[in-house]
Structure formats: C-alpha cells, structure tokens
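Computed over heavy atoms, backbone and side chain alike; hydrogens, waters and symmetry mates excluded. Lettering of chains follows the sequences in order, A, B, ..., and the numbering in each one begins at 1.
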Number of protein chains: 2
Amino acid sequence: METPKRRRSATRARLLEGALEVFAERGFHGASVEDICERAGFTRGAFYSNFGSKDELVLALFQATTDRLLEQIGALLPDLANQPGSLLDAVLGLLDDAAPDQRQWHLISTEFTLHALRNADAAKALIEQRAMFREQLTRLVEEITAASNLRLSVPPEQFVRLVMALHEGARSQYLLEPAKVPAGSLEHTFLPMILETISS
Amino acid sequence: METPKRRRSATRARLLEGALEVFAERGFHGASVEDICERAGFTRGAFYSNFGSKDELVLALFQATTDRLLEQIGALLPDLANQPGSLLDAVLGLLDDAAPDQRQWHLISTEFTLHALRNADAAKALIEQRAMFREQLTRLVEEITAASNLRLSVPPEQFVRLVMALHEGARSQYLLEPAKVPAGSLEHTFLPMILETISS
DNA sequence: TGTATTGGATACACAAACGTATTGAACGGG
DNA sequence: CCCGTTCAATACGTTTGTGTATCCAATACA
C-alpha cells in the first residue's frame, strides 16, 4: 500500500545509487546530473523533483553511504567482538567488510575527503562521520582486549587512528598496483609488530 | 638573449603554476581553463598557444611537479644520508621537505591518484613516478643502514612502502583535523616500534 | 466515477566552458 | 629598415550542463 511515497523513495534511492556509481567513475565535478539520471533510468525531471541541486545530492549521498556504512558496522560488530580470531583480524576484517565494494568506496570516500578539505561544511560532516567510525572501531578494540586480558600501552583510539591511516594508504597502493601490493599485505606484516610492542 | 623562447617558456611556467594553485583549490574538473589563465595573468589565447587541451595540461603539470619533486629529493638526499640523526628522521624528513607546500601537494597528488585510478594512461605515469620516488627512499634507507651497521629483516622497499602508506593516511587525518592529529604524530609514535622489531 | 494531487517527462531558457579563427604587436633575421 | 614569424589578445561559434516551467499520467480520495 501507499505506493506513492514508496515509489518516490524508490526513485530517490535509485538516483542515489546511480550517483554513487557515476561519481566513482568520473568524480563529483566530472559527472553531470544528466549522467546520473541516465544511469538510474530517469530524466532530470525526476532528479529535480527529488533533490534541489547537485550540491544537495552530494551531501545526501554522503549521508546515505555513511548511514549504510555505520549500519553495516553495527551488524558486523557483535560477531567480530565475541567470535574467535585475533584483535587484528577483527579490526581489519571490519575495515574490509564494512563496504561492499572496496574500490568504489575508496574512490568515493577519497573524493569526499578532497571535497571536505576545500569546503568547511563538508569537512564538518566528514569529521563527524570519521569520529563515529573511529568510535565503533575503538569500542571493538576495547572489548576484545578486555575479553583477552590484554593491556595496551597506548590509547585504543590512537591505535585505531594508526590502523585507519595505514589501511587507507595501503589501499591506495593496492588499487594502483594490485599485482605488486597484495591486498592487506602491509597491514598484516607490520601491524602485528606494533601490537606485540604495545600490548602486555 | 633569445627573448622569444624564454618568454614563451616563462608564460608556460606561469600557466603551470597557476594551474597548480587552481587545481589544488577546486580540483581538476572544477577548475576551468579560464580560471587558470586568470590566475596566471593571461587569457585563453596564451593557454591554447602553449597547450593543446586541458587534458594535455594535466599531464604536463604532473610531469612538471614530478620532475621538481625528484629534483628536490636529489638535492636533499646527500645531506640526509651522511649527516646525523636516525634512519627515521631522514626518511620522514625527506617526505616532509620534498614538497614546499604539504597541503597543496597532498591535494594535487590525491587528485592525480584518483585520476589515475580511472585512467590507464595516467595510471602508467603515476606508477612510474611512485616507483622512482620509492627508489630514492629505498636508496636512502640502504645507505643509512649500511653506514650504521644495521640489518633489516624485511626488504627495504617494503619498509619504504609502509612509511609512504602510513605517511599518506596520517597526512590526510592531519589536514582534516590539525588540532586533533599533530603533524607526524602517528609516524613518530609507531614507526620506531616497527624499526625496533625489524632491525638487528 | 470524477476530481485533485503528485511524480516524473518534456521542452525551454540561460550560463559556463571549450576550442578556433582572426588580429595585433613585438622581436629576429635579412 | 623592412619583412616574416611568433606569441598572446580578442572575438566568435559550439557544446555542455544547470535549473525552471510546463505537461501528462497515475493514483488517492470523495
């Protein structure tokens, strides 16, 4: 029932999906509204009926992907926290599984980070999202260390920042040269050394 | 003497300089040729007299900045290799001092990396540049370890890849929240642990 | 069943950007 | 000293992209 509202939100969702794809392929500025609509199977009429402008779409898309990401994390967390495996496996697993498509996610998030470095409003939104993301990861680290009687000599959040930074840089290298830098190789060779050093 | 050619290359240089600034501010697609010319103090006539198209400019700019970067590194290397300080100080110092403006360099290189992830030609150029960059850093590491009778249990190049990845990710965090993530803090807290572990 | 509303398509106006063609001026060579 | 060339400015045409205004169909509701 209530087909109208559902229809509306469905087209909105398809437009967002199309925007995600086209933005990943050509970047925010490189993609035209027309491109996005075409990808989603609509015309610009549908677009401007759902979004006020392209800028508004960018923000909405960021919010939507952010929400999905955090939701996905929320779903993964319990399993990772309790189940077997090491602390590192849990954290890296979360980073890898949080987004369905690593390449697309990397392109989009990098694009949005660039955008944020040039735009105060976007920066605010991004900072907040990253904070929530870190919070989840930090919580995971705390739970696992507590459960296994581990003590870290550095604040968990700083360790999380390290893992995120390394993961981002490594992913960039991997996407550029998949053959030369196997996925996760840097993380898996060096992070155990860190953990060994900071845990007691 | 020979004013004509020098004049030409001077305007070309100013256009490249303008492009660097405007690209950093608005991104490749966001910046118009007109913007660049205005910044450089010319009109589009000058631009199309020096470059065939915007795409050609992007490549030329990448080459120019790459050349300057490698040249700068070549100038810094001898000092860092012989002089005092630790291995880490040398490597991180090189990464910090190679580009005159960290923020601008990060924006541009990130932008170009995104471009490369979508464009095979750009990818080829970037891969080559990164390889030369790594080579220089690797050489530096090898020289310093040799001079101080150090042995690393991992290939120097892999260590360099680690440092570059971490540096990139950390710089991204720093630029977004300078107050929360002091410049180089992640590198300086965690890389010594790695070095301790892998050196003998 | 008729009417009002809503969502999306079509058509249109306008602005921005790219690239070209032409012009003018300065300098080099004969 | 004049002529040819070269570099950058100006002027122009064309394309692309955004946003608006209008139209049409389908569904909700009376």
Atom-to-atom span, CD of Glu38(B) to P of dA16(C) - whole angstrom: 13 Å
Please tabulate, one pair per line, each protein N/O and nucleotide N/O from nucleotides 9-15 of chain C that are separated by under 3.5 Å, including the distance.
residue	atom	partner	partner atom	Å
dA9(C)	OP2	Thr43(A)	N	3.1
dA9(C)	OP2	Thr43(A)	OG1	2.7
dA9(C)	O5'	Thr43(A)	OG1	3.3

Leu57(A) CG - dG17(D) P separation (whole Å): 16 Å
Glu56(A) CD to dT18(D) C1', straight-line distance once rounded to whole Å: 14 Å
d(CZ, Arg12(B); P, dA8(D)) in whole Å: 11 Å
Gln63(B) CD: over 12 foreign heavy atoms closer than 6.0 Å: yes
Connected via hydrophobic side-chain network under 4.5 Å: Leu117(A) and Ile127(A): yes
Cluster check Phe133(A), Leu126(A): I/L/V/M/F/W/Y, side chain < 4.5 angstrom: no
Cluster check Leu92(B), Leu150(B): I/L/V/M/F/W/Y, side chain < 4.5 angstrom: no
Check: Leu114(A) and Glu111(B) side chains under 4.5 Å, non-hydrogen atoms: yes
Whole-Å distance separating the NZ atom of Lys54(B) from the P atom of dA16(C): 15 Å
Nucleotide dG17(D), atom P - distance to CD1 of Ile36(A) in whole Å: 11 Å
Contact under 4.0 Å: Asn50(B) side-chain N or O vs dA8(D) OP1/OP2: yes
Rounded interatomic separation in angstrom, taking CG from Leu15(B) and P from dA8(D): 8 Å
Pairwise ring pair (Phe, Tyr, Trp, His ring centres under 6.0 Å) hits with a residue in residues 51-84 of chain A, at least two apart: Phe47(A)-Phe51(A), Phe62(A)-Phe112(A)
Spacing between Tyr48(B) atom OH and dC7(D) atom P, to the nearest angstrom: 18 Å
N or O in side chain of Thr11(A) less than 4.0 angstrom from dG8(C) OP1/OP2: yes
